[in-house]
Every structure is written in C-alpha cells, then in structure tokens.
Amino acid sequence: MSTRRGIFNTVITAAFALALPLDSALAQGAKPVRIGFSIAKTGIFASAAPSQLNAYELWREQVNARGGLDTGREKRPVEFVQYDDQSNPGQAAKIYEKLITQDKVDLLLAPWGTPTHIAVAPVLERLKFPMVGNTAASSRLRDLKPGNIWFTTAAIPDRIGKELAAMLKENGVKSVALLTNVLPFSKEIKGFLEPALKSAAIAISVNEEYPPDVKDMTALLTKVKQANPDAVLALSYPSDSPLYVRQAKELGIGAKFQFVLIGPTIDFFPKLLGSAANDIVTVGEWSPARNARAKAFYDAYVAKFKEKPDYLDSSLSFLSCEILEQAVKTAGLDRSKLREAIGKGSFETINGNIKFKGVENTVTKTGFLQIQNGEVQQVWPASMSTAKYRPKTSW
Amino acid sequence: MSPARDLMVVLALLGASAGVPFLGGDYWIGVGITAFMWVALTQSWSLLSGLSGYVSLGHVVFYGLGAYVVVASWEVLPIAVSLALAAGAAAVFAFATGMPVLRVRGPYFVILTFGVAELVKFVVMAAEAAAGNASRLILGTPEIETLFFLMLALAAAATVLAWGVRVSRLGHGLRAIREDEEAAETLGVPVARYKLLAFVLSACIPGAVGGAMALRNTYFEPLQAFDPMISFSMIAMAVIGGSDDLRGPVVGAACFVFLSEMLWANAPQLYMIILGLLLVIFVLFVPEGLCGRLFRSRGA
Amino acid sequence: MSLLEVRQLSMRFGGVQALERVSFTVAEGKIIGLMGANGAGKTTLFSLIAGNERPSSGEILFENQSLAGLRPDQVCRRGVARTFQVVRPFAGLTVIENVTTAALFGMRRYRDRAQARDAAAAVLQELELGDRAEALAGSLTLSGQKRLEVARALATGARLVLLDEVMAGLTPMEVEAMLLTLRTLHRTRGLTLVVIEHVMRALMQLSDEILVLHSGRLIAQGEPPAVASDPEVLRLYFGEAA
Amino acid sequence: MIETLASGQLLFAALALGATYALVALGLNLVYGTMRLLNVAHGDLVMLGGYLTYWAFALGGISPLVSLLGTAVAAALLGALAYRLLFRAMLGARRTGPRVEANSLLLFFGLSIIAQNLAALVFSPTPRGYEYLSDVLHFGNVALTGNRLAALLVAAALCLAVVLFLRWHTMGLAMRALIEHREAAAVVGVDIDRVQIASFAVGFGTAAVAGALVSMTEQVSPFMGFPFTVAAFVVIVMGGLGRLEGGIAAAFALGLIETYGVALTSTNWRSILLYGTFVALLLARPQGLFGRRAVMR
C-alpha cells in the first residue's frame, strides 16, 4: 500500500512540476511582438496542419533575420504563442479568446481549416481583433460579418465549380465521372460543379460519393472504367487521393483529364505514387514559378524542412503573414488602424498582388495546377499560367 | 458517506463558479463552459456506467444527436425548444436501442456501444450527404455568457440527477447489478427495467449538452460531433475522478481542464501524452480514482 | 396446504436431459431436503423454480399460481428466494448494503431506505453477522459469505427459501452453528425451506422430508429414515460403500 | 453490373483487403484469446510498422520486403517488453474477469494516445510515402500493382504460418490450450507467463508486418492506426473472440462484404455496412461470441 501511495504522490508532483509556468524564462532585449494562433497538433486535422505551421515558422525566421517586424517606428523580434486546438473548432474559439484577453498578444495568425476559421470569427468580431485568414474555403465565409477577418484563398467552391467547368470545356471534355468524398469542402464543390457542368453541356456519366474512411475503390472505379468518360474529377482528400490514383492506375482508367482535389501538391504524394502522379490536375493558384518572391519562398522552405511546401496551404499561410507584415508596417500595432490597413490596402505577396473586397480576396484568380515531370505548373487561368495543360496519356 | 453533503459541496462549487463571467473575462468563461460540459457529460456517464458497471464507450452518440437536432432546427424552432428536443431525442434513442444493447454484457457491451455510436455517425453522415449537406454553419448564436449559464445549469442538473439516482432504490439496484447481475435479479431487482431507465436518464443531459456545444461551436459536422474521443474522455475523467462518487466527475473534469490549461501553454505536444500516461497510471494503480483514494468513504 | 407444487418438470440443455418429469409438492412450514449426486439436477431445479432458467416443459405453482414466464425478480417478489451454491456476494458493497438490497427489492419491498436498512440489520443479527455489517462483502470468510447468502434470501421476506449447499466447505463447528441458525429461523419465522446439502447427517437431522434426484429423475421421496433405507437410494447414492 | 461483380478485379480487391484485415486481426485475437486483454492500441502497431519500413526505405534504401523481418523482430521485442513492464503486473493483480477486460481497454487506450502523439512529436504529423513495386501487372483481365500483390501474398503466407505454428509447434499448442481454458492449461503444466510473452510478441510482430505491407501502398501518418483497430475488432467479433482460424475466415468475409456490398449499394454505405454488421452480430449473440455461452449453475 505504501508503494502505491508513493507512486500516486509522484504522479501528482510530476503533474504539478510540468504545469509550472515557464514564463520567467522570457527572452531579454527588445520587446518582442507576440503573435498568437492555434494549430491542430492532435486530432483529425493534425496531418494537414504542418504545411501551415512550417510556413509560419519560416516567416518568423525570415522576419527575425531581417531584424524583426517593422511596426513603422521600430523593428521588434517576432515571438509565437501557439496552442493545440485538438482539431476542435470550439477549442480554437476558446484559444483565440485566451490569446486576446489573457495572453494579450499583439497580432493573430489563422488556425487551420474552414470550420475553425468560422468558429473563431465571432470571437474576433466581439473583441474587435483583426486577423488575416488563410486555409479556409467555403462560400459560407461570405456570410460572416466583414471587418475583422479576411480570406486570402481564391479556391472558394463556387469559383472552383465555375472555373473547372470552363477549363474542361476549353479542353474538349464532353463527359466526366464525378467522385466525391462526403467531407464539407468537396461536397460544397460538388454542389456548385454540377450546375456549372450542366450549363457547359458536359455530361456527368458517373456521379458517386464515398466516405472519408474508404479503403478500396475497385467497385467505384470499375463503373468509371465502363462509362469511359473524357475526364475523372476526384473530389478527394489527402487520405484517399493516393488510393484513387493507385487504383485508377491499376485499372487503367483511360480518361485524359485527371483531376484530384486535395493531395497532389503535398510532398508525400509524388513520392508515394511516382510517375502515376504525373499530369494530374489539381486546384491551386500558386506555384514557385509565379514570381521571384514565390521562388525564394519555395527554395527557403525546401532548404529548411527538406520537403516541398504544400502549394495550397503553405503558400496561403505564408502570404497571410506577408499581408500582416505589410499592414503592420503602415499601421503599426493599433487594431483599428490595422483593420483599416488590411481592409483597404494592397499587398505584394508570393502570389502577386492581393486586395480585399468585403472578406474576400477578389484579385487572385481561381486556378488549377498540373504536375508535369514532377514539377507543379500553373495551367489555368491563362493569365497566370506557367505551362500549357497537357492530357494525361499514361499512368 | 453522506451523499446529501456531497451534493451540497458540488452544487456550492458550481454556484461559486457562476461568478466567473464577472471576474474572469471571455477566456475564463470559455474555460468554464468546457469544464461544465465535462462535468455534465461525465456525471451522466457515471450515472449509468459508474453505478451499473455497464461501461459505455459510445456516449458521444447522445451528444452528437443533440448537436444534430439543435443545428437541424436552427432558425426553425426557438433555442429553448430545440435544446429540449435535443435532450428528448437522445432519451428516445436510448430507450429505443437500450433493450437490445443492454442485453450484451461486459467487454462486449463496451465495444458494442462504440460500434453503435460509429454506426449512427456514419448514418447521419450519409443522411446529410443525401440531403446535399456535409456540414452546417449556424450564425447568430447566443452570447457566450448565455451559453456559460446554460452549461452551468446543465452541469447542476446532471449532478442533481446523478445524486437523485444514487440515493434512490434505482441507485441501490444498479450497484447490485454492477456487482452481480444474476444475484441481483434473484433478490428481486428488476434488472432489465433498471438498466434501461439508467440508460435513458444518462442520455438526456448529454443530448442537451451536445446541443449547447453546437451553439458554442457554431458549426456542425458529423465527424466532429460524433468524435469518439469525447466518449473516451468521459471515461478517462470518471476513472481519474472516481466513478462511483458524486464528486468524482467534478474532480476528474477539473483535473483535465486544469491540466490542459497548464500544459497547452507550456507543452502543447505533451498534453495528450501526459493524458495518456495519467490514464495508464490510474487504471493500473489507482483504479478507485482520486475521490476513492482521497476521501476513502467505506470501511474495508 | 401445499406452498409449492412442481408438476412434470423437464429441462434439456442441448442434448443433456437435466430434469425429466419431476413432480412433488412442498407443504407450508416444512423443511425439504434435496439429495442427489453431482449433476443429478438439484441446482437446475432451483434455477427453474427461481426463474433463472426456463423449463422445457412442465409447470411450477407457488401458492397455487403458476410461475411460468416470470423473471427471477418477479418470482422473488412473489415470495421465493434462493441462495447460490457458489456464493455470489455483491463483493464491492458492504455486508449491510448486500442485505438491504434484498429488503428493498424482495417480496417485503420496503419503500423507506432507512426501514430497509433496519430490517437488514436485524437479519444480520440473526445470522451473527451484525459486527461485520460495514465490512465489504468480498472480505468475508467463506462461512461468512454463506451466511450472507442466507441473510439476503431471508431479507427478501420470502416465504419459501431455496438453500443451495449453504453448509458446503464449512468446518464441523460452523455446520453445527448453521444448523442451529436454520432451525431457529424456521421456527421463529415460520419459513418453508428446500435444502440441497451434501453433508448427509445434517440433512437427515434437519429435514421433514427428503427428495432424491438421480440423473434428472426423482427416484425416491419420503421421511428421512424411510429414504435412508430405500434400496435404490442406497445403491445409487451411497454406492457400494453402503 | 453482373459483369462487374463477376470480374476477377473485384475478387482480388476483396482478397487484398481481407488479407490485410486478417493479419491485423490475428494479433489482436491472440492477445485477447490468451489474456482477455482488449488492445485498442493494436492499430498503432500497424502505424509503427509503417514508419519503421518507411524510414528503412527512405534512409537506407532497404526494400520493404527485406526490412519487414527487422520490423517484425523489433515489434515482437516491444511486445515482450510491454508485457513484462505493464501487463504482467495487471494480470497478476487479482480483479474479477470482466474488469480486467474493461480496464485493459482503458489502459490500452491510454497507451494508444501516447503512441500516436509520441509519433506525431517524433516523426511530425506530415504523411509520408515511398514508391515501391508500383508497376501494373496483368493476369487475364485482372490488373494489379506489384505492391498490392506482394502485400496479399506476404499477408496470406504469414497468416498461414501462424496457423501452422499454432497447430504443430509446442508453443502454439500451449497458446491454444490457454485460449481454451486458462486454469486447465496451468494445471497441465503450461508455463502461462512464457505463453503470454509469446502471444504479445507474435501479436505485436504480425501487426507491425501488416503496417510494413500497408506502407507499400498507402501513406503513413501518426494517426493512421485507429481504422485498423476498428476493422480488427469487427473481424474478431465476427470470427469469434479468441478463435484464430475463425478470425482469418471472418477477415476475408469482411473483405468480401465490404467490396461486394459497396459494389451492390454505394461506396457511401461502406462504413454503415461495416458497423452495421458488427452491431448486428453483437446483438444477435449477446452472451458474447466466445464460442460457448456461460451456463448458469
């Protein structure tokens, strides 16, 4: 019994010891600018979050290497205050309340994912704290009250639906197979894509949905193979995108236009699938070839993390930092000035010029990327293209 | 052991924390909501599992159904009505499934309840997909202070309910069922009826809590509303606090919330690991939980 | 008048015939001894009467009313209580809580918990468990747990109590004590008892009447001296040694 | 439609799926059968096996089919260690039967959280993948990638090997004896401690090999294990807890149900079919599926 009691006490002591605040170890020198955010270190979004966190960390490193964040009067080092939201939007809302009211951070960066942004928005609104969002894409975002939150992405489902139909039409696609993961982003795209395809006179010869925990697609793809459409549009997530590609290769799906929604721009995708990943089209409005800043970001990211950035999330996350940095330079850390600066300003980013109208970035065009010989190229729209679209002729 | 005194202590603690909004500000209100949520959920879980020994690993199903009801009736029904409906839906579901599910015992019951919760999750998901939805967003939910008091009321209600069951014939019968179901039945305990009653009673408050959390999250997606981690957490809190003690869920929830507040600030990555370690240590060395260990109430 | 009547009772488990057309009656206020080798069907008979198992065919009447289709808790509330051969205490509850359960839920059905507790305490006194009331039931000795089984059965307020080997595994002194207790209870409470026992001498002393089961069939019944001299019983039950 | 159902392609998919399930469930079943421990961290061993194989390939260029031997041995050692450090004490501490099972579930859940988050901490949550044997082979009108075929063959061979081991090897016989009746096994002189270590070692080893095979075709990530745990639970409930051959048969049955069920209905029904089968089976046999019903005496 005494041993048990001993172990018990040890546990309690250990728990308290770990829980002791370490704030006393705060850095000396110029008072740092503290930037807070929540990140999904655990839970169902955990595997998606690093591409965002890495971009943040790269940015912080670069800013500090430049002597700090320029607040208009002085340069101050950047320090992050970050908490794990356990992939729970409610938890994220709580964290942003904490960041603003307890930690009294100077600035905020965005959490990962649409639901999390949406859950955080009312907090920002109530506490009047501006934040540049990044990895959120839903037409419902426009329902949010503008003023304290902005969205940088152009990959909003209604815009994707319209643009994808246009791209398919231009490339002579007459029929498609539509495979949709029932998760929110892909379902919403499907909702906008179906009417867009109809008005572009493109037939949907196979229209199927599948759950996020799918383990085998043979039955689904056999139907696709029999229908033999001109294009397959796999509205998929990172966990099932490789499954689609692998089994499409196995069955020799002949469609020349292969669209895979989320996954192809993540580093592991081509490593896992090799040549099968070639000529796959995916959503994205950024590539390293976009401009000089983009190339520099890409190189720095690869050098630091030994893997490629995610063309969607990493670039969006990084450019939201760039916007914040530029807004702070003109407005300082005063929240109302900052709000105005972000809302009305014009920013140079790794994805070119960005301006907001309401909550939305209306400058950046919705585009599509294609993996060509292992390189990711912008193939749509023409005004942003770095290469020409080419049909997929082999797996 | 004086359950009435325990009830007073717990209610006094809850009542005292009602002052948080006036002292702590938004962040602490949020912490309060989370803490009350766990008290309400764990108290409800203990009512069934702590007393009867039927360990439910699927309690999130009631929470998820409640959330779904509130979100689906958003802007159709008044909030008070949809919250009541959320509790009702959870109770009805418990009543409908309880009969067959509660025939299954021991570890089979544990994995069966998990299976039922997952099954319902995927059915809701398929139903939502068929209706063309994948997630729902609700805008214009009540202020955080309102939710705080709502959740406080739910925690208090769960505590009173759990207390009422503990001091009643039902509680006595459930304990007998936990110790030996057949012997209990032979001594006159209406086993099937009591188990079903406990199941239904332990379902209604999680239903309302799920509804309230949907208002807090302003967002509904089946994968999150039916997240099995919620079920696991209820069990872990009850185990750490002590599952056959009215104070156990409060102590367990307080430990979790305290730990997560302390740890995510300084060691966010370690939070889950330490949580896992605590669970292991308690199961191995302190199976009676903190309350059982600290306020040992029975003669041995 | 007969308190319990068993008519043509049969029970099959898979291919095994556990009981075959057993019929007998138990008059009110009597003590009936049930004998038979292991596997003869004694415990099965108890399980059928108490509602733990459903008979394949046949009928059980208690106070001239059929017990068919009743669950164990319903049978208990009619006034039949049983003990278990392998003791089944509510190990994690205290001794008094064990007995209070029976007082609350059995035939007596106290509405008031304090009254139920008082009744339980009284029963514990009768079984000389009064000083162990607050101990956990799991911590009792085997003798104590056997007494607890009896105490629980009594606390239900049952008129018919089925005692399944409550003296097995006890020392001779403990057996004597238990016999004394049972007799006292029988006298003071006017209980009707059916007793399964392997301690033959005890059974003969205690019972008004003996039933002998063999391979599921009732092969003899009558007063103890008559049964003890029945040639078939001697051959089957006592083997060559007799 | 008929054409689809009759095609060898679907059958191959069902078999490949079934073989993975069989291998994962085998270890879970063994550990449950011999010790009544419900290992909800079992899928995390699949994750571990996946990572070991990935790193061997990424850093050392070692073929997964070679490194899986090392992976199996490493996981087996981990299993033996886990038994020694944690479970021997727990099994030794006398509590009633069902509570060991219920407590083990919580215990393993704690370990699962630790394993997943430790992996996230050490390997980062970024998914990893490598390409191996990805050329498409054709057999008649059935097309399949080399890695899937290899995974199917290795998994099937390993399942067979374990079954033969249980049939013919002395230790295997002891394991079966333990599964049938713990006390009886001890009485006839089986060294229970050794058998239990062996069960842990074999159980952990086979799960890690399954992970190695999975990593050839899927990306690995710290949280990939749980779906495997779930599938394995469905399988062993279908096949009968502790019934190893039954489990293997059930795994292939599940592969068939999943593949053909989805082909006949909709892919969206996949999880509903899976959990529906699981729940229906448990409800149909409420006394548990461990072969025999506890008869009350």
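Numbers restart at 1 for each chain; the letters A, B, ... are given by sequence-line order, proteins then strands. Because the structure is a prediction, the values reported are computed rather than measured. Values below: every heavy atom of this structure, side chains too, minus hydrogens, waters and symmetry copies.
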Exercise. Between the side chains of D:S271 and A:D213, is a donor N or O closer than 3.5 angstrom to an acceptor N or O?
Worked result: yes
Which distance, rounded to the nearest 0.5 Å, do you find between the [atom1] of [X] and the [atom2] of [Y]?
{"X": "D:T267", "Y": "A:N181", "atom1": "OG1", "atom2": "CG", "result": "11.0 Å"}
{"X": "D:S266", "Y": "A:Y210", "atom1": "OG", "atom2": "OH", "result": "12.5 Å"}
{"X": "D:R270", "Y": "A:M217", "atom1": "CZ", "atom2": "CE", "result": "11.0 Å"}
{"X": "A:S239", "Y": "D:F223", "atom1": "OG", "atom2": "CZ", "result": "14.0 Å"}
{"X": "D:T126", "Y": "A:N54", "atom1": "OG1", "atom2": "CG", "result": "6.5 Å"}
{"X": "D:Q219", "Y": "A:F268", "atom1": "CD", "atom2": "CZ", "result": "4.0 Å"}

Exercise. So which of D:R148, D:M224, D:M216, D:E258 has the largest heavy-atom pair count under 4.5 angstrom toward chain A?
Worked result: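 Option with the greatest count: D:R148.
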Exercise. Does any heavy atom of chain A fall under 4.5 Å from the side chain of D:T145, the backbone, both, or neither of them?
Worked result: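 Both the backbone and the side chain of D:T145 come within 4.5 Å of chain A.
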For this session: Under 4.5 Å heavy-atom distance to chain A, tell me which part of D:Y21 shows up: side chain, backbone, both or neither.
Result: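 The side chain, not the backbone.
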Problem set entry | Close side-chain approach of A:K225 and D:Q9, heavy atoms under 4.5 Å |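 Sidechains of D:Q9 and A:K225: no contact.
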Problem set entry | Close side-chain approach of A:R246 and D:T217, heavy atoms under 4.5 Å | yes
Exercise. Less than 4.0 Å between a side-chain N and a carboxylate O, is that true for D:E131 and A:K271?
Worked result: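 D:E131 and A:K271: not salt-bridged.
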Exercise. Does the cation-pi check pass for A:K215 over D:F228, that is, NZ or CZ under 6.0 Å from the six-membered ring centre and within 45° of its axis?
Worked result: yes
Could you look at [X] and say if it's the side chain, the backbone, both or neither that has a heavy atom under 4.5 Å from chain D?
{"X": "A:L273", "answer": "backbone"}
{"X": "A:V182", "answer": "side chain"}
{"X": "A:P211", "answer": "both"}

Closest non-hydrogen atom pair, [X] against [Y]:
{"X": "D:A13", "Y": "A:T218", "result": "CB-OG1, 3.1 Å"}
{"X": "A:A219", "Y": "D:T259", "result": "CB-O, 4.2 Å"}
{"X": "A:E250", "Y": "D:A143", "result": "O-CB, 2.8 Å"}

Exercise. Pick from A:I266, A:L251, A:V214: which one has the most heavy-atom pairs with chain D under 4.5 Å?
Worked result: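 Answer, by heavy-atom pair count under 4.5 Å with chain D: A:L251.
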For this session: Say whether, by atom type as modelled, one donor and one acceptor occur between the side chain of A:Q247 and the main chain of D:L144 under 3.5 angstrom.
Result: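 Answer holds: no.
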Problem set entry | Main-chain N/O of D:S134 paired to A:K249 side chain as donor or acceptor, under 3.5 Å |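 Yes; judged by distance alone, with no hydrogens or angles, the pair exists.
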